[in-house]
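Predicted model, so just to flag it, every value in this text is computed and none were measured. Note on naming: letters A, B, ... go to the chains in the order of the sequence lines (proteins, then strands), and numbering restarts at 1 for each one.
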Amino acid sequence: MENQNNEVIIQLFHVHKRYGGKNAIIDVTVNFFKNEFVFITGPSGAGKSTLMKLLYLGEPASEGQIIIEGVNLSRLSNSQIPFLRRKFGIIFQDFRLINTKNVYENVSLVLESMGMNRKYIQKKVKIVLRMVGMEDRGNNYPLSLSGGEQQRIAIARAMVGDPKIILADEPTASLDSESADAVLELLKTAHSKGTTIIVSTHDKELIRKMGTRVLHLKEGQVQE
Amino acid sequence: MKTFMLDIFIKRALADMKSNKFLNIIAIITLGLSILIVSAFLLFLININEVIDSCKKSVRIMAYLDPGFEEVQLEGIKQRIREMDGVSEIIFISKEEALKRLKEQMKRQSSLFENIDTNPLPDSFEVQIAPNFETDEKMEALAQKIEKLPSVQEVEYGRKWVNKFTRVVNIFKITAFVMALFFLLAAIFIMANTIRLLLYSKREEIQIMRLVGATDSFIKWPFYIEGLIMGGIGGIIGISMLFLVFIFISINVSQDLASDFVSIRFFSIKDSIWVISSSMFVGWLGCYLSLKQFLKA
Ligand SMILES: Nc1ncnc2c1ncn2[C@@H]1O[C@H](COP(=O)(O)OP(=O)(O)O)[C@@H](O)[C@H]1O
Ligand SMILES: [Mg+2]
């Protein structure tokens, strides 16, 4: 494995996830390292999304330990979960923007919920919107934008809080190749700033372009 | 970099109300109607209490004196009554004083008195009764004792009537109280349901807020503010409607009726603020209950 001289940021130790009787994740033990760019790949239903959900406690693990920056997730109380999630910027295949709020509001919401002051929020939102090439779209509503543009807003939202880790769950799956390239470039930018990037995808072209570590999942298990 | 977020919350609450106008207006109107009904019952209670109080004050024995009694006997009779058990105070009311009081009470019908040049009223004693003496039997006994005194022509007391009246009114009071409570609960229920609908229409937004690390209190506060605002507006509407009804009634009804003897009144400013604050509390409580349920899920 590469990056082994680096510090571990996320540790999974014999993690299982069951939905009712169904095993979505089976005995996964894996480390992610600081400032790593890693792909999780595998066929549909392999457990990629589930694995990511376990990291930000969208779902609790059924068994095993997950340790993020030295904190064992099973020890977190409900009131601590929001603070865990602020370590992450999360990007989805379907963008998940709030359609009743404009672009600026969608992005600033993250900083508002962190309790930042207005001046800082205005400055910071402007910076990230410029970074994703959307600085003049602040007043637009998500549904008036193309898919590629919406995903760039989602990336701006994921980056605005300066998270330690970006989780992108099939971020390019619903985009044309040009938009997909733009997304990859933005993820590289975030990576160059020291962020740990975890991307799930079954886009072989994307993985080939990056040439970094790949974790193969199949039926909930890591393939070597 | 942390800052007090009240302005953000208020902005979000107002934006929310604007984007859900219909739901909000319905909720405010129903809340207003509930407050109208509840405060109508309250106003009834307040006024009936005052009527009863003023009746209670008139728990006294009037002793009317013979027209021809001797002035010199006055102090003697007064002294003998004062020494009786159960008498707390005794005041002499001359017939001139009595006429003056009557004229005052019946200002509006002053034409009745225009042609009177002799005073038909007798001199009298007004005898106040000690509180522990206010039972029917004791009053009756006392009244008979006073009536036997020389120069006392007649005694009169309104205790029996007050007792019956109080009993009926107590039934009214309990009914009014129960109804007020019932409508208050209904208002809370309506509020909770409105907010539940609102939350349901915003469930994706709330889900996303939680994903980006918003705390529950960050999510809840704008709704609380919304509940307080809706409660406040509902309260103002309710109490204003009640005031219009009150004005209408006092113009059309009470002038002809007993208004010369019993005056009904509206809430004081303080009472009104109380009603509106309670309405705000109802708005908040409705929010609180549905949020608690919603965020648990
Ligand atoms: N909420 C859920 N309830 C029940 N089963 C689920 C749920 N989410 C995922 N699964 C199941 O878990 C398995 C892994 O799903 P998922 O993690 O979404 O796979 P992937 O993202 O790799 O396509 C699938 O078989 C899926 O049907
Ligand atoms: Mg998936």
Side-chain angles (χ1 to χ4, degrees), chain A residues 52-53 55-59 76-92 94-102 105-124 141-142 153-154 156-167 169, chain B residues 1-25 27 194-226 287-297:
Chain A
M52 291 199 163
K53 276 185 200 154
L55 298 183
Y56 61 83
L57 278 179
E59 289 283 350
L76 286 184
S77 66
N78 278 344
S79 63
Q80 289 170 312
I81 292 176
F83 300 95
L84 167 74
R85 290 184 182 160
R86 290 176 196 180
K87 293 181 196 288
F88 294 102
I90 310 173
I91 301 163
F92 301 94
D94 55 356
F95 324 131
R96 299 209 197 162
L97 298 171
I98 299 171
N99 293 328
T100 54
K101 291 187 186 295
N102 69 25
E105 290 162 343
N106 264 282
V107 177
S108 65
L109 179 67
V110 177
L111 298 178
E112 283 176 359
S113 65
M114 291 166 86
M116 301 300 183
N117 72 46
R118 192 176 299 263
K119 267 237 171 70
Y120 176 81
I121 292 174
Q122 281 172 349
K123 208 176 76 192
K124 186 72 198 224
Y141 283 81
I153 302 305
R157 181 181 67 189
M159 290 172 74
V160 74
D162 293 322
K164 299 254 171 61
I165 305 151
I166 286 182
L167 300 177
D169 191 1
Chain B
M1 260 184 292
K2 303 263 165 184
T3 176
F4 188 54
M5 292 185 282
L6 191 60
D7 58 332
I8 286 175
F9 292 154
I10 292 175
K11 246 175 76 183
R12 241 170 65 203
L14 292 177
D16 224 69
M17 292 179 72
K18 234 170 86 184
S19 63
N20 292 287
K21 252 188 232 120
F22 182 71
L23 212 54
N24 273 279
I25 288 172
T194 308
I195 295 291
R196 211 208 318 273
L197 282 176
L198 209 72
L199 288 172
Y200 189 74
S201 75
K202 293 175 69 117
R203 64 195 183 285
E204 284 201 327
E205 183 178 335
I206 290 170
Q207 190 56 35
I208 289 167
M209 286 169 77
R210 295 179 117 180
L211 280 181
V212 302
T215 58
D216 276 359
S217 66
F218 181 82
I219 293 169
K220 281 175 190 166
W221 263 99
F223 290 108
Y224 286 165
I225 291 171
E226 213 172 315
C287 278
Y288 174 83
L289 292 175
S290 55
L291 274 166
K292 206 173 150 179
Q293 195 188 26
F294 189 85
L295 290 181
K296 223 173 28 192

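Counting only heavy atoms from C-beta outward, the side chains of B:Arg210 and A:Ile81 never approach each other to under 4.5 Å.
For chain B, no part of A:Ser79 is nearby; none of its heavy atoms comes within less than 4.5 Å. Only the side chain of A:Ile90 comes within contact range of chain B, with at least one heavy atom under 4.5 Å from a heavy atom of that chain. Neither the backbone nor the side chain of A:Lys87 comes within less than 4.5 Å of any heavy atom of chain B. For B:Glu204, no part lies under 4.5 angstrom from a heavy atom of chain A. For A:Leu84, no part lies near chain B; criterion is any non-hydrogen pair under 4.5 Å. For A:Phe88, no part lies under 4.5 angstrom from a heavy atom of chain B.
Taking the six-membered ring for Trp and the full ring otherwise, B:Tyr288 and B:Phe223 have centroids separated by 6.0 Å or more.
When the shell of 6.0 Å around CD of A:Gln80 is examined, it contains more than 12 heavy atoms from other residues, nucleotides or ligands.
For the set A:Glu112, A:Arg96, A:Glu105, the count of heavy-atom pairs under 4.5 angstrom toward chain B peaks at A:Glu112. Between chain A and the residues B:Ile219, B:Thr215, B:Ile208, the most heavy-atom pairs under 4.5 angstrom are made by B:Ile208.
Scanning both residues, B:Arg196 and B:Ser290, for their nearest heavy atoms gives N-OG, 4.0 Å. The two residues A:Phe95 and A:Arg157 have their closest heavy-atom pair at O-NH2, 3.2 Å. A:Asn106 and A:Pro142 make their closest contact through ND2-CG, 3.8 Å (heavy atoms, listed as atom of the first residue, atom of the second, distance).
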